[in-house]
Number of protein chains: 2
Amino acid sequence: MIDKLEFILALARERHFGRAAETCGVTQPTLSAGVKQLEEQMGVLLVNRGSRFQGFTPEGQRVLEWARRIVGDSRTMREEINSLRHGLSGRLRLAAIPTALAMVAALTTPYREKHPNVQFTIYSRNSIEVLELLDNLEIDAGITYVENEPLGRVSNVPLYREHYRLLTSADAPLGNRDSVSWAEVAQVPLCLLTPDMQNRRIIDRLLKSAGGESRPTLESDSMILLYSHVRTGRWASVMPAKIADTLGLTDAIRAIPIIQPEAVQTIGLVVPAREPMTPITAALVAEARRVAPQLSG
Amino acid sequence: MIDKLEFILALARERHFGRAAETCGVTQPTLSAGVKQLEEQMGVLLVNRGSRFQGFTPEGQRVLEWARRIVGDSRTMREEINSLRHGLSGRLRLAAIPTALAMVAALTTPYREKHPNVQFTIYSRNSIEVLELLDNLEIDAGITYVENEPLGRVSNVPLYREHYRLLTSADAPLGNRDSVSWAEVAQVPLCLLTPDMQNRRIIDRLLKSAGGESRPTLESDSMILLYSHVRTGRWASVMPAKIADTLGLTDAIRAIPIIQPEAVQTIGLVVPAREPMTPITAALVAEARRVAPQLSG
DNA sequence: ATGGGTTGATAGATATCTTCTATCGATGAT
DNA sequence: ATCATCGATAGAAGATATCTATCAACCCAT
């Protein structure tokens, strides 16, 4: 039965019978039959079909909610029993927004020292995708903004606060300043993240409320790409202080605090709002609580 | 998979492979094989066996906890989907302590008017058994004391407060009084519930703290039996005011308030502490919240 | 000790269910 | 009109599950 519920989960994320079947490691007829069997047991159609997947019926959506929960619980149970025998082991799947990638190591490093048998898989995703992956049980935890856009069915542990810096060459127009305003930043051609990233939306909002407009010369979904452009000394960007520090800058590049307003965004760990958590996730939450005071600033 | 978890639940309540199998509607080898399969999947022994059932291993106890949850959720899901189609229908299973039996009708009657397709099964059990039945998913809700002995993993809705009366013939020693003390009651030969009932333990405690001792002439686990003895005019008992009122007394029998101390016990509805509840249970909780103010006194 | 009763495990046969491959019909795009 | 895509269906092969029958260990009483 639980495996049929996994079919529903796969179908929800793939929205396609064939692909859903593939991710479940079965053929498409098998998945079709599984869904159909669920429908017979429930006595209701769960999926609207018309020669292709057309979403879930209202009943299907409720079953989907339950499936998330039941499948999640059954995995947590297995993990818990496993931990009782072999200590903490398995794989911790994590997704972080690009601007937070640099600080993930502050979490994984002490974690690994305590639990050397846990392996990590870490995805770089935008904040919406992080929540989707969490919903679909494809990751155990996410790292994203915790106080802006709605989070949904998760609980969170604040980790640190993001302060913004103008990264620019020392000999560029604003290069000699000790601080700049958002209004001034709005005048500079910038390299920014793509608009699907919440960081970009935050910066757009700040620029707009300072009377400016966001007209980035260059967009990318990769911080590495933005950073490598800035390093040439010919481009400028707005980045969180923490990532600028981590990446390290040449002498010729300056990271100038942006004030007026002094904008701050909290980044935190998000985990499914369900008790109990898997032991692997619980240990990550504990670690997050431990390191948060050291990171904050 | 879920059906195997049901085997674990059945085994926990029956503590016997054969009987557990029977309640699951399978043969004993089938249940044995199911448990064994779970053990193989988990990689741990779940049940201590030595030619007979000897309880669960620590891992087995964890699996049992998860099984309660997962099986409960899967039933709730089915019920919820069913309610979406057919409105509220199915069976509401309830257990109440004997002293509360008389007031169950105050709950079931308005419930039935709103949801005529729901059928009821109502057990009379002691307070400990009520909680066990709840744990084992054998009932949807219980009615018992909510503030004395520990309740465990349940949430509760207070329903009314139990006040005690001495039921005795008008021409018996204390029969002409308007109120009596617990110390006085302790001198009277009483008909009381058996000591496995929390009501009896409460009364024993009250008698003892008034310097008396509990030496009931007659014990029974049935309120009907106690009541029928009192009605003869030759026996006395201590009962909650509510049940005395409901049963109705002859002219010759008086229900005398017992004061010093004026002892009060809260009775409430208890349901599994898990969200969401089955629609049938949720409706009962709503009903309980509605009628509680009218009952309290 | 010993025999009867009880308990859970095991063996083997049968039935059921599951999953696969192959193919079809419907739909939508070009 | 043609082609490609998608999900449903049919049929066969394989895997599982469940049953009956029986066994071995154990408990208890004599």
Side-chain angles (χ1 to χ4, degrees), chain A residues 1-61 63-64 67 70-71 74 78 136, chain B residues 1-61 63-64 67 70-71 74-75 77-78 136:
Chain A
M1 199 71 273
I2 289 180
D3 47 345
K4 312 293 165 58
L5 292 177
E6 304 224 28
F7 291 174
I8 292 286
L9 287 186
L11 198 49
R13 63 169 181 265
E14 302 293 341
R15 303 186 66 79
H16 185 289
F17 278 70
R19 283 196 297 277
E22 201 176 350
T23 72
C24 292
V26 297
T27 59
Q28 170 263 316
T30 299
L31 188 128
S32 285
V35 173
K36 187 178 208 175
Q37 191 185 336
L38 266 185
E39 289 179 326
E40 278 161 11
Q41 285 190 20
M42 300 288 174
V44 205
L45 277 186
L46 301 176
V47 176
N48 289 319
R49 313 146 158 100
S51 91
R52 64 180 55 226
F53 178 84
Q54 289 179 319
F56 292 92
T57 63
E59 292 86 355
Q61 288 172 26
V63 170
L64 174 59
I70 293 171
V71 170
S74 93
R78 280 178 168 69
N136 291 328
Chain B
M1 198 71 271
I2 289 177
D3 47 345
K4 312 295 164 58
L5 292 177
E6 304 224 29
F7 290 174
I8 292 286
L9 288 185
L11 198 48
R13 63 170 181 266
E14 302 292 342
R15 303 185 67 79
H16 184 288
F17 278 70
R19 283 195 299 275
E22 200 176 351
T23 72
C24 291
V26 297
T27 58
Q28 169 263 315
T30 299
L31 187 127
S32 285
V35 173
K36 188 178 208 174
Q37 190 185 336
L38 267 185
E39 290 179 322
E40 277 161 12
Q41 285 189 22
M42 300 287 175
V44 205
L45 278 186
L46 301 177
V47 176
N48 289 319
R49 312 150 161 97
S51 91
R52 63 181 54 224
F53 179 84
Q54 288 180 319
F56 292 91
T57 64
E59 292 86 357
Q61 288 172 25
V63 170
L64 175 58
I70 293 172
V71 170
S74 94
R75 291 192 193 163
M77 171 175 71
R78 279 178 169 69
N136 291 329

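A note on names: the letters A, B, ... follow the listed sequences, proteins ahead of strands, and every chain is numbered from 1.
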Kindly determine whether A:Arg13 and A:Glu6 satisfy salt bridge (charged side-chain N to carboxylate O under 4.0 Å, His left out), including the steps that lead there. CA-CA 11 Å; A:Arg13 63 169 181 265; A:Glu6 304 224 28; over 6 Å; no

Could you list, one pair per line, each protein nitrogen or oxygen that sits under 3.5 Å from a nitrogen or oxygen of nucleotides 6-13 of chain D, together with the distance?
from: D:dC6; atom 1: OP1; to: A:His16; atom 2: NE2; distance (Å): 3.2
from: D:dC6; atom 1: O5'; to: A:His16; atom 2: NE2; distance (Å): 3.3
from: D:dG7; atom 1: OP1; to: A:Phe53; atom 2: N; distance (Å): 2.8
from: D:dG7; atom 1: OP2; to: A:Phe17; atom 2: N; distance (Å): 3.0
from: D:dA8; atom 1: OP1; to: A:Arg49; atom 2: NE; distance (Å): 2.2
from: D:dA8; atom 1: OP2; to: A:Ser32; atom 2: OG; distance (Å): 2.6
from: D:dA8; atom 1: N7; to: A:Gln28; atom 2: NE2; distance (Å): 2.9
from: D:dA8; atom 1: N6; to: A:Gln28; atom 2: OE1; distance (Å): 3.2
from: D:dT9; atom 1: OP2; to: A:Lys36; atom 2: NZ; distance (Å): 2.8

Among residues two or more places apart or on two chains, list those pairs meeting salt bridge (charged side-chain N to carboxylate O under 4.0 Å, His left out) that have a residue in residues 15-30 of chain A. A:Glu14-A:Arg19

Shortest non-hydrogen contact from [X] to [Y]?
X: B:Ala20; Y: B:Leu31; answer: C-CD1, 3.8 Å
X: B:Leu45; Y: B:Arg49; answer: CD2-NH1, 4.0 Å
X: A:Phe7; Y: A:Cys24; answer: CD2-SG, 3.7 Å
X: B:Glu39; Y: B:Val47; answer: OE2-N, 3.1 Å

Enumerate the residue pairs fulfilling ring-ring contact (aromatic ring centres under 6.0 Å, His included) with a member in residues 16-42 of chain B, sequence neighbours excluded, ordered by first and then second residue. none

Can you give me the bend angle of the helix from C:dA1-D:dT30 to C:dT30-D:dA1? Use the axis through the first five pairs and the one through the last five, nearest 10 degrees. 30°

Point-to-point distance, once rounded to the nearest 0.5 Å, from OG1 of B:Thr23 to CG of B:Leu11: 9.5 Å

If only side-chain N and O atoms of B:Thr30 are considered, is one of them under 4.0 Å from the OP1 or OP2 phosphate oxygen of D:dC19? yes

Begin with the C-alpha distance, continue with both residues' side-chain angles, and end with the deciding distance and a verdict on side-chain contact (heavy atoms from CB on, under 4.5 Å) for B:Leu5 and B:Leu38. CA-CA 8 Å; B:Leu5 292 177; B:Leu38 267 185; 4.0 Å; yes

A:Glu59 meets the side-chain contact (heavy atoms from CB on, under 4.5 Å) criterion, sequence neighbours left out, with A:Val44, A:Leu46, A:Thr57, B:Ile81, B:Leu84, B:Arg85

Opening and closing nucleotides of DNA chain C in contact with chain A, under 4.0 Å to non-hydrogen atoms: C:dT18 to C:dT27

